[in-house]
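Working notes for the structure below.
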Amino acid sequence: MHSRIVEGTLGVSPRPVFFEELDLLKLNELGWEYPHSEKPLLWAVHKQYWYWGELMFEAKGANIYDAATVVFQPGREKMRLKPVDVKKMLAKNHDFMFLLESEAIEFIRETFSQYAGARKSVERVAANQMDYEALAKRMEKKTKQKMAIVKEDCDSFEIMPLNTAEEQGKKVFHTTKIDKFLASFSGGKDSQVVLDLCTRAIPSTEFEVIYSDTGYELPPSLQLYEQVQEHYHKLFPDLKFSMARNHESVLNYWDKIGTPSDTHRWCCSVMKTGPLYRSLKIDGSNKQAKVLTFDGVRSEESVRRSNYNRIGKGVKHDTVINASPILSWSSIEVFFYLWLHNLPINPAYRYGMTRVGCLICPFSSEWNDMISNRKFHEQLTPFLSRIEEITHNSGIKDIDIYIKEGNWKRRAGGRGMNFPSSLVVENNKPHLKMTIKNPQVNLLTWLNAIGKYTIFNNNDGTKTGELKYKDKLIPFTISQKEDNLFSVLFENTYSDPILQGLIKRVFYKATYCIHCGVCEVECPTGALLISPNSAHIDKNKCISCNKCLNFHDFGCISAASLAVTGTKKDHKMKLIGYNNFGMNEGWVEVFFSDPEAFFVENLAGLNVNEQMPSFAKWLHQAGIISDTKGKQITPLGSFLAETYMDNPDLVWQIIWINLSYNSPIAAWYNTGVEWGKFITQQEMEALVLNDYSDNSKTTVHNVVYAFVRTLKESPLGEMGLFSSINKNEFQKKGFDTIEREALAYSLYKYSETKGVRSLRISDLFSTENNIGAYREFGLTKSSIEKILRSLNSDQNRVLIAELNMGLESITLRDDIDSLNCLKVLIG
Ligand code: SF4
Ligand code: SF4
């Protein structure tokens with residue numbers, strides 16, 4: 001093995017191939033001879049199989065129903081194989097593995113001692129009536145700096161800024177007090193290695209092993225768990241093992257909230273991590289234990305041997321820290337460890353599975369699906385039959401093809417599900433109005449998660465109340481229309497998108513809660529209690545931290561899987577992503593300096609996979625290139641290239657006008673954020689999410705992030721679209737004025753879109769109107785009039801503006817279009 005890729009090495013880690021996989025591919029029947037040995041016989045990279053450095057065959061076309069076809073290299077149709085000499089291979093790599101595992105053990109030990117140190121120091125000082133953690137937190141708030149507990153030479157503890165502690169080389173004890181340390185065990189090889197490393201790094205009394213039985217575990221994983229338990233109990237009788245399970249079966253959840261899919265991967269939280277962490281309460285209370293889990297996460301794609309992200313806080317649940325000791329290990333290094341330490345290998349790997357997870361999974365490959373159906377057919381059948389039934393019921397004709405191509409894995413919304421409840425958000429600016437049918441739990445169950453509230457019954461059957469949010473009281477009304485139909489109205493919340501988002505989440509949860517229990521894990525105080533048939537918040541314990549609302553899209557796993565959005569027109573709109581890159585001024589300058597060569601010669605040195613397609617998308621939406629593939633410059637693009645040196649402001653204003661028509665996020669900004677408003681990126685994301693609720697939180701974040709970059713990395717922001725107030729806050733200030741050619745262009749674009757040649761200035765200010773110069777630039781009426789007067793008197797006249805005696809009409813020429821209007825004006 002090499003620690004880096006050098007000539008003669010593979011860039012991808014090969015996996016060992018055992019006789020069971022060759023049997024599955026029927027190589028024994030095809031004339032190959034090989035022993036039924038414990039040792040591997042070949043190596044595979046993707047679906048290519050190698051023996052002594054030579055490619056033997058490829059396996060093609062496997063899927064859940066069909067076996068793979070073996071395509072031999074010429075002359076390799078008949079082979080006699082000898083097993084790999086594992087002993088020799090291990091001896092050769094002994095030193096390398098020694099260093100690798102020593103480093104991982106050191107990482108576990110160090111991480112444990114840092115966090116356990118925090119626990120001990122906290123405990124010790126707590127005995128003296130001081131809460132170190134709370135103290136550190138208070139200081140963090142006050143100084144706005146990350147604080148650390150530091151151990152001094154005399155064995156006493158002190159709190160100081162993390163930066164200072166690091167500069168002074170102090171031993172840092174984390175301020176997060178960990179109640180329990182875990183080694184997660186999943187049945188996969190990676191977690192097996194981490195468990196073994198943990199037993200070598202920290203005392204067996206200091207951590208626990210928990211295995212989550214999702215309800216569709218591979219049978220050999222369950223057997224391996226027993227075997228592993230037995231193995232370690234002999235060595236460490238006090239090492240605690242336990243199994244966590246959700247109170248309901250996974251198939252019940254499939255029926256209630258739909259099959260998991262690549263968009264709705266609810267099964268991992270509901271069946272695996274949720275039950276696991278719910279089983280870890282602080283003794284005698286419902287309070288969630290703070291947990292540090294040593295997991296087997298690996299990232300072969302990331303920069304090797306990097307420490308980045310080796311410790312992640314709140315990755316899946318807010319109360320959990322994940323530490324990944326083998327993050328940079330390759331899969332072959334993991335196998336080496338198992339062989340080196342004589343640990344059992346999950347038989348699923350011997351059949352050829354590349355990843356050991358569940359029997360069926362929206363993220364599994366067709367290859368793994370094939371093995372699952374062949375080797376664990378009986379256990380898979382209930383799930384596969386359910387998928388076939390759902391596919392049949394939804395009227396799809398070629399069911400086999402649909403399933404084997406994995407299309408069932410792409411379910412996006414709750415359409416076609418027969419869930420009896422629904423929530424519809426109605427457009428009722430400036431109020432928030434929702435209609436809720438058949439809520440699953442009391443409507444107000446989660447309202448306390450936003451703030452304290454009062455509520456009264458009125459004589460007419462309605463209820464009115466007030467919700468305390470920050471320093472405001474928000475009036476609300478709940479009226480029952482029919483038996484199970486409710487109308488909920490929160491007054492004047494439109495200007496606060498974060499509050500609106502929280503309120504919606506409260507009611508999504510109440511509407512769709514099926515008591516899966518996942519949000520309970522987020523609660524830091526033990527206030528939230530989910531039992532199989534009820535959900536309850538203890539108001540005395542709830543600190544309205546919003547964590548149970550903000551942990552997931554819609555605030556609820558079930559709502560995210562079931563909610564059929566699209567009840568409001570906006571919901572159906574799709575945002576277009578930009579790979580997180582904005583329309584950068586520097587790139588635009590280089591582009592205009594030589595548009596023909598820009599992409600061909602990559603003049604700006606852009607990353608071809610991400611930056612280049614992103615920039616092409618922006619240019620296309622700005623009307624500068626004809627499409628994102630051919631990237632031909634448009635006549636407008638050529639005109640702007642010629643103009644750029646003389647008048648860049650005009651060019652950017654034209655770009656913005658076109659983005660306002662062609663970029664969904666720019667168009668949204670023109671109507672979704674009022675002129676003069678102070679806004680942060682986070683608030684913008686909350687607002688966009690309100691209006692584009694078919695998009696995930698991540699999509700919205702990425703699109704808004706790219707858009708904000710455009711505003712910051714081009715003159716557009718400071719021109720008036722996004723003026724910086726401080727590091728985080730910006731103002732959509734508006735333009736005092738714009739180039740007169742830009743106003744003319746904007747008017748022509750408006751008229752082309754609306755199909756009119758004359759308009760009134762007041763049309764541009766109409767609240768019904770989503771386009772035009774006011775939406776684009778926030779100009780005042782007098783500022784528009786001033787520019788119009790100038791255009792009116794130009795000898796190259798492109799419009800007639802009648803502005804005297806109370807008139808405000810604009811008439812455009814019908815012999816020119818928006819581009820020609822620029823040409824006429826600039827000549
Ligand atoms: S509200 Fe919480 S417990 Fe209820 S379904 Fe949603 S995530 Fe699960
Ligand atoms: S997470 Fe717990 S404390 Fe926080 S708002 Fe929800 S119920 Fe209240």
Side-chain angles (χ1 to χ4, degrees), residues 137 244-250 252-258 260 264-279 281-282 285-290 314 316-320 414 417 419-423 436 438-453 467-470 498-499 501-563 697:
K137 272 201 177 138
R245 284 193 187 95
N246 192 296
H247 53 270
E248 271 206 52
S249 83
V250 66
N252 266 343
Y253 283 112
W254 275 39
D255 292 343
K256 282 183 183 168
I257 59 174
H264 300 296
R265 202 186 181 183
W266 56 259
C267 44
C268 196
S269 310
V270 174
M271 305 311 297
K272 203 177 199 157
T273 56
L276 192 155
Y277 294 117
R278 282 183 83 200
S279 71
K281 302 281 182 179
I282 294 174
S285 77
N286 185 43
K287 197 171 169 196
Q288 198 62 47
K290 280 208 179 114
K316 279 210 169 132
H317 298 286
D318 206 56
T319 47
V320 182
M417 296 293 305
F419 199 76
S421 314
S422 63
L423 180 152
I436 295 163
N438 195 26
Q440 293 294 306
V441 300
N442 184 303
L443 275 178
L444 298 178
T445 302
W446 273 277
L447 193 57
N448 213 80
I450 303 180
K452 304 275 177 233
Y453 65 90
L467 169 68
K468 188 158 187 330
Y469 177 67
K470 295 184 179 164
I498 291 181
L499 173 62
L502 291 173
I503 297 171
K504 283 187 203 170
R505 282 158 191 239
V506 162
F507 291 95
Y508 270 121
K509 284 169 91 75
T511 309
Y512 291 100
C513 180
I514 52 160
H515 310 109
C516 77
V518 173
C519 62
E520 190 189 279
V521 181
E522 305 305 316
C523 181
T525 64
L528 179 56
L529 182 63
I530 309 284
S531 54
N533 297 310
S534 70
H536 172 73
I537 288 187
D538 181 338
K539 291 183 186 169
N540 296 322
K541 289 186 188 165
C542 177
I543 53 168
S544 303
C545 67
N546 309 155
K547 286 187 175 167
C548 55
L549 302 177
N550 283 337
F551 81 106
H552 200 276
D553 295 347
F554 294 84
C556 169
I557 302 264
S558 163
S561 184
L562 281 167
K697 226 173 151 184

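One-based numbering, in listed order, for ligands and for the atoms of each.
With a 4.0 Å cut-off on non-hydrogen atoms, N546 touches ligand 2 through its backbone and not its side chain. Only side-chain heavy atoms of I537 come within less than 4.0 Å of ligand 2; its backbone N, CA, C and O stay farther off.
Between the side chain of K290 and the main chain of P524, no donor-acceptor pair closer than 3.5 Å is present. Using a distance-only test at 3.5 Å, with no hydrogens or angles considered, a donor-acceptor pair links the side chain of R505 to the main chain of H552. Here the side chain of N546 pairs a donor or acceptor atom with the backbone of A449 at under 3.5 angstrom. Under a 3.5 Å cut-off, the side chain of K509 and the backbone N or O of G555 do form a donor-acceptor pair. Side-chain atoms of S561 come within 3.5 Å of backbone N or O of I257 as a donor-acceptor pair. Remark: side-chain polar atoms of E522 are not paired, donor with acceptor, to backbone N or O of K547 under 3.5 angstrom. For S421 (side chain) and N438 (main-chain N/O), a donor-acceptor pair under 3.5 Å exists by modelled atom type.
Near W446, with a cut-off below 4.0 Å to any heavy atom, the atoms of ligand 1 are 1 (S). The T525 neighbourhood of ligand 2 comprises atoms 3 (S), with distances under 4.0 Å to a heavy atom of that residue. Distances below 4.0 Å separate heavy atoms of K509 from the following atoms of ligand 1: 1 (S), 2 (Fe). The ligand atoms of ligand 1 that sit less than 4.0 angstrom from a heavy atom of S558 are 5 (S). Those atoms of ligand 1 that come under 4.0 Å of a heavy atom in I557, given as number and element, are 6 (Fe), 7 (S). Every atom of ligand 1 with a heavy atom of G517 under 4.0 Å away is listed here by number and element: 3 (S), 8 (Fe). Less than 4.0 angstrom separates some heavy atom of P524 from each of these atoms of ligand 2: 1 (S).
Residue I514 holds the heavy atom nearest to atom 5 (S) of ligand 1 of all those in I530, I514, V518, V521.
Scanning all protein heavy atoms for the shortest distance to atom 6 (Fe) of ligand 2 gives C548 SG, 2.3 Å. The single protein non-hydrogen atom nearest to atom 8 (Fe) of ligand 2 is C542 SG, 2.4 Å, given as residue, atom name and distance. The protein non-hydrogen atom at the shortest distance from atom 4 (Fe) of ligand 2 is C545 SG, 2.3 Å.
The side-chain contact (heavy atoms from CB on, under 4.5 Å) with V506 is formed by just one residue from the set T511, N448, I450, L467; it is I450.
Residue C519: an N/O/S atom is found under 2.8 Å from atom 2 (Fe) of ligand 1. Because the distance cut-off is set at 2.8 Å, C523 fails to qualify as a neighbour of atom 4 (Fe) of ligand 2, as none of its N, O or S atoms comes that close. Inclusion of H515 in the first shell of atom 4 (Fe) of ligand 1 is not supported: no N, O or S atom falls under 2.8 Å.
Put simply, the side chain of Q440 reaches to within 4.5 Å of the side chain of P420, judged on heavy atoms.
For the atom pair CD1 (I557) and SG (C267), the distance works out to 10.0 Å, reported to the nearest 0.5 Å.
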